[in-house]
Asker: 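Have a look at this one.
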Amino acid sequence: MPKNSKVTQREHSGEHVTESVADLLALEEPVDYKQSVLNVAGEAGSKQKAVEEELDAEDRPAWNSKLQYILAQIGFSVGLGNIWRFPYLCQKNGGGAYLVPYLVLLIIIGIPLFFLELAVGQRIRRGSIGVWHYVCPRLGGIGFSSCIVCLFVGLYYNVIIGWSIFYFFKSFQYPLPWSECPVVRNGTMAVVEAECEKSSATTYFWYREALDISDSISESGGLNWKMTLCLLVAWSIVGMAVVKGIQSSGKVMYFSSLFPYVVLACFLVRGLLLRGAVDGILHMFTPKLDKMLDPQVWREAATQVFFALGLGFGGVIAFSSYNKQDNNCHFDAALVSFINFFTSVLATLVVFAVLGFKANIMNEKCVVENAEKILGYLNTNVLSRDLIPPHVNFSHLTTKDYMEMYNVIMTVKEDRFPALGLDPCLLEDELDKSVQGTGLAFIAFTEAMTHFPASPFWSVMFFLMLINLGLGSMIGTMAGITTPIIDTFKVPKEMFTVGCCVFAFFVGLLFVQRSGNYFVTMFDDYSATLPLTVIVILENIAVAWIYGTKKFMQELTEMLGFRPYRFYYYMWKFVSPLCMAVLTTASIIQLGVTPPGYSAWIKEEAAERYLYFPNWAMALLITLIIVATLPIPVVFILRHFHLLSDGSNTLSVSYKKGRMMKDISNLEENDETRFILSKVPSEAPSPMPTHRSYLGPGSTSPLEAGSNPNGRYGSGYLLAGTPESEL
């Protein structure tokens, strides 16, 4: 260091000396760029924090391999919704016709925004809070909203894992406990449980044995101790998987991400060998074209795209922030999106193959029951034997023979036919019975498995698959909470992670009451959907319209080594924001037109009934939506009126050589700042390497951007000369 440097004088005299930028540039020794760092921070008080962030960026954990990272992204994006929500939406919205809006929205919204989140996370190497504060400080609340939505989703999502754990342990017995209705003693008589007899064995086991559900959301009924223990086990598993960050969760992903595909492949082979499987698959791929024009179908397809890829949750950003800067995130976006869609289709094939088998079983049961009714009418002379075709054999009655007999009786006894109570027993009617969400896995699928040979084995495999699918998604959800908080507030990783799991377990007790399933519906269908849509829209706007699509594309070119397709420019700039604005408007209108409600299980009727949420539940729902979105306007207002610093009030330039930092702060507009911001390159020597970002055609000089309150350097994040940390 030169002897006449003011820093040298300060070291010998112990007095505070303010050193100008000109002094630094003129008197300082040549800087080793690989060991130097340029920091543009907002306040003098944030200098030490900036230093810590720079050192943290150098020591930031990284994935052990590209495979581990891809499996983590797949594990997060491929979840329980691929197994039951996607098949249900296909069944509800026109079979193969539903694939058209889903594919269109996946291409114009899903893949571009998934690529966007991967890119910003990899480029900035921070969680969602740091990323959006960096891109646009006034929209820094997006990151906090993402954390809150992750918390909401994690609270009820782990409850579903708890349900799967309960069924998993119940599967180790033969026959399966939900294969037959229980028998109760009434004095000296043994009778079938009335609630089970009115419904079915699997339905009864789900609502009464597993959930012990109340008749409405207003009837708490106290805690279900069995589900409370399962929830504790679920949070313990998640806590152990994420307590060490990606060092622990990355290893878990090798099993939790790959095992479900082994099970799905086994189920597909087994399902295709079942009688009636082809009927189910043909029913799925037979499109109902009128559904393609239904706006509700497009809205549900867009929501499924968001949830399927994990957009807006922060988990995608968190995982990609542990990548090296030269990683090809464009390839990652296309690969993970394709695998996600492939998994949804594969799961739908499995589900419809099994449901086709179940539909044939139930159809045959219907034929037998109604044939017995007809025999009774023949024996009591209610019906004449002349109505029965001569070739019909009641001992071996086929579905075709029954339909022929049914049509003859309906034609001859037209006036009195309704009183006979005969059912048509159509296979299509059984296939059209759509079971939503959890009912598809815990009622319809479990009932089908009771007819499998070696049914306990298949049940164990199925629920172990659900546990692993849920675990992969929960790891990503927890990363969406812990990574941004740890990056921003520098809290101890292990302590904070354990604290989150303990807190979530106690709050999650709300969902293991006897009325807990109704709260799951509230959180799943309403509390996360609208805030998530708002978050994704603002993410798109922050990058495409505030930060600048051209600048972002130029950075991607420098980071990836090639220029992404022009397709992404138009999607980010115009198409995606417009589509999401329409989606948000449609969601708000839907909430206004159709009051939110839930399907309640009424014990006396042994049937479901749709009920609207009471006033207190509506107030809770609205509060949840407000809480999830509130950080966005709060941070915007605070930073707009300078009540909260956005890191752009002052300029401090510091660079490190070894462990020594030198700082300049509170520079006037017309002195050293003008010198360092000179537009003539030769007049502004810089410690930054010549390959730094933002120097492409049409881009803005990095230091010029620092003069803008919303500019790149308003956030106080660091730039390092090393490829992995240079921003």
Side-chain angles (χ1 to χ4, degrees), residues 40-43 45-46 49-50 53 113 116-117 120-121 123-153 311-318 321 479-491 496 500 527-548 552 577 580-581 584 622-650 705-718 727:
V40 183
E43 329 177 291
S46 65
K49 181 179 178 181
E53 288 177 350
L113 295 182
L116 184 147
E117 290 198 358
V120 296
R123 182 65 173 172
I124 301 171
R125 308 196 74 201
R126 288 291 183 273
S128 57
I129 295 176
V131 160
W132 300 115
H133 173 73
Y134 177 87
V135 171
C136 177
R138 293 185 183 182
L139 290 180
I142 295 175
F144 291 98
S145 289
S146 294
C147 291
I148 295 174
V149 170
C150 280
L151 175 62
F152 288 171
V153 172
L311 299 177
F313 286 97
V316 173
I317 293 175
S321 71
I481 300 173
T482 58
T483 298
I485 298 297
I486 292 171
D487 285 347
T488 304
F489 301 105
K490 306 301 177 186
V491 296
F496 179 70
C500 282
S527 68
T529 303
L530 186 58
L532 193 66
T533 309
V534 173
I535 289 171
V536 176
I537 290 177
L538 292 178
E539 287 181 353
N540 199 157
I541 292 174
V543 172
W545 289 92
I546 299 177
Y547 193 79
F552 187 58
M580 288 186 293
T584 305
I622 294 172
T623 301
L624 292 172
I625 295 175
I626 292 175
V627 168
T629 54
L630 190 61
I632 298 173
V634 167
V635 172
F636 182 88
I637 292 172
L638 290 177
R639 284 186 171 148
H640 180 76
F641 292 101
H642 306 293
L643 300 176
L644 178 66
S645 173
D646 62 1
S648 61
N649 296 331
T650 59
S707 63
N708 186 348
N710 290 330
R712 176 180 180 122
Y713 293 105
S715 61
Y717 285 98
L718 299 163
L727 303 179

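Everything quoted here is computed from the prediction, not taken from an experiment.
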Asker: Roughly how far, to the nearest 0.5 Å, is CD of Glu117 from CG of Asn540?
Answerer: 10.0 Å
Asker: In chain order, what residues pass the side-chain hydrogen bond (donor to acceptor under 3.5 Å, both in side chains) check against Thr483, with sequence neighbours excluded?
Answerer: Tyr322
Asker: Using the rule given for side-chain contact (heavy atoms from CB on, under 4.5 Å), can you reason through Val316 versus Leu311, listing the C-alpha separation, both sets of side-chain angles and the distance that settles it, and then say yes or no?
Answerer: CA-CA 7 Å; Val316 173; Leu311 299 177; 5.6 Å; no
Asker: Would Val135 and Ile546 satisfy side-chain contact (heavy atoms from CB on, under 4.5 Å), going step by step from the backbone distance to the final call?
Answerer: CA-CA 8 Å; Val135 171; Ile546 299 177; over 6 Å; no
Asker: Indicate the atoms forming the closest heavy-atom contact of Cys147 with Ile129, along with that distance.
Answerer: SG-CD1, 4.1 Å
Asker: Checking Leu113 against Met580 for the side-chain contact (heavy atoms from CB on, under 4.5 Å) test, could you report, in this order, the C-alpha distance in whole Å, the side-chain angles of both residues, the deciding distance, and whether it holds?
Answerer: CA-CA 11 Å; Leu113 295 182; Met580 288 186 293; 3.5 Å; yes
Asker: Would you compute the distance between atom CD1 of Ile541 and atom SG of Cys136 and round it to the nearest 0.5 angstrom?
Answerer: 10.5 Å
Asker: Could you tell me which residues satisfy side chain to side chain contact (heavy atoms under 4.5 Å, CB included) with Ile625, sequence neighbours excluded, listed by chain and number?
Answerer: Leu530, Pro531, Leu621
Asker: Under 4.5 Å between any side-chain heavy atoms of Ile317 and Trp132, yes or no?
Answerer: yes
Asker: Working to the nearest 0.5 Å, report the span between CZ of Phe144 and NE2 of His133.
Answerer: 9.0 Å
Asker: Any chance you could measure Ser146, atom OG, to Leu532, atom CG, to the nearest 0.5 Å?
Answerer: 8.0 Å
Asker: Please enumerate all residues that pass side chain to side chain contact (heavy atoms under 4.5 Å, CB included) together with Ser145, with sequence neighbours excluded.
Answerer: Ile535, Pro631, Ile632
Asker: Tell me the closest heavy-atom pair linking Ile481 and Cys150, and the distance in Å.
Answerer: CG1-CB, 3.5 Å
Asker: Would you say that Val491 contacts Ile485 through its side chain, given a criterion of any heavy-atom pair below 4.5 Å between the two side chains?
Answerer: yes
Asker: For the residue pair Phe152 and Leu624, what are the closest heavy atoms and their distance?
Answerer: CE1-O, 3.4 Å
Asker: When rounded to the nearest 0.5 angstrom, what is the spacing between CG in Leu139 and CG in Leu538?
Answerer: 6.0 Å
Asker: Looking at every non-hydrogen atom in both residues, tell me the closest pair between Ile124 and Tyr134 and how far apart they are.
Answerer: CD1-CD2, 3.0 Å
Asker: On the 0 to 90° scale, with breaks at 30° and 60°, tag the Tyr547-Phe552 ring pair as parallel, tilted or perpendicular.
Answerer: perpendicular
Asker: Please find the pair of heavy atoms, one from Val153 and one from Ala528, that lie closest to each other, and give the distance.
Answerer: CG2-CB, 4.0 Å
